[in-house]
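Bear in mind that the values here come from a model prediction, so they are computed numbers and not experimental data. Every heavy atom of this structure was used, including side-chain atoms; hydrogens, water molecules and symmetry mates were not.
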Amino acid sequence: MAASHLVAKTTEIAEDEAKRVTVGDQQIAIFNLDGTFYATDDVCTHAYASLSEGYIEDGCVECPLHAGLFDIKTGKAKGVPVVEDIKTFPVRVEGEDIYVEV
Ligand code: FES
């Protein structure tokens with residue numbers, strides 16, 4: 001069952017940046033797109049790479065390892081070599097606190 005987890009402060013993640021957080025045994029990337037926060041799996045579906053260390057542009061994150069592209073809002077795989085989508089998680093912001101439903 002999904003539960004709400006406090007994972008970060010809004011002040012820790014600048015616009016068009018990301019932060020990796022851990023919830024249980026899951027690595028999750030929190031992205032700030034123009035002041036709105038989104039959460040996805042941090043680990044790329046192609047090989048082992050951390051998407052929170054990727055390059056963010058136009059609402060997408062480019063994997064730092066082989067430049068696979070994912071839509072941050074939907075998790076959709078957008079460019080080779082990635083074919084499998086990443087999971088996304090609902091985010092709730094209360095004041096400066098960012099909660100993720102996992
Ligand atoms: Fe992400 Fe290869 S590990 S594109």
Check whether any side-chain heavy atom of [X] lies under 4.5 Å from a side-chain heavy atom of [Y], and answer yes or no.
X     : Y      : result
Phe70 : Val82  : yes
Phe89 : Val23  : no
Lys73 : Leu33  : yes
Arg20 : Glu53  : yes
Gln26 : Val102 : yes
Gln27 : Asp41  : no
Tyr48 : Val43  : yes
Leu51 : Asp42  : yes

Tell me whether Phe31 shares a hydrophobic cluster with Ile86, the cluster being built from Ile, Leu, Val, Met, Phe, Trp, Tyr side chains joined at under 4.5 Å.
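Yes, because Phe31 and Ile86 connect within a single hydrophobic cluster, where side-chain heavy atoms sit under 4.5 Å apart.
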Check the hydrophobic clustering (I, L, V, M, F, W, Y; side-chain heavy atoms under 4.5 Å; chains of links allowed) and say if Val7 and Val91 are grouped together.
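Cluster IDs for Val7 and Val91 match.
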What distance do Ile56 atom CD1 and Glu15 atom CD have between them, rounded to the nearest 0.5 Å?
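Spacing of CD1 (Ile56) from CD (Glu15) equals 11.0 Å.
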Value rounded to 0.5 Å, distance of NE2 in His5 from CZ in Arg92:
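Going from NE2 on His5 over to CZ on Arg92, the span is 11.0 Å.
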Minimum-distance pair of heavy atoms, taken over all atoms of [X] and [Y]:
X     : Y     : value
Asp71 : Lys78 : N-CG, 3.7 Å
Ala47 : His66 : CB-CE1, 4.2 Å
Gly54 : Pro64 : CA-CD, 3.8 Å
Asp85 : Ala77 : OD1-N, 2.9 Å
Cys63 : Cys44 : SG-SG, 3.8 Å

May I ask you to decide if Ile13's main-chain N or O and Asn32's side chain share a donor-acceptor pair within less than 3.5 Å?
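Side chain of Asn32 to backbone of Ile13, a donor-acceptor pair under 3.5 Å: yes, one is there.
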Among Val100, Ile72, Ile30, Thr88, which residue meets the side chain to side chain contact (heavy atoms under 4.5 Å, CB included) test with Tyr38?
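Single side chain to side chain contact (heavy atoms under 4.5 Å, CB included) partner of Tyr38 among Val100, Ile72, Ile30, Thr88: Ile72.
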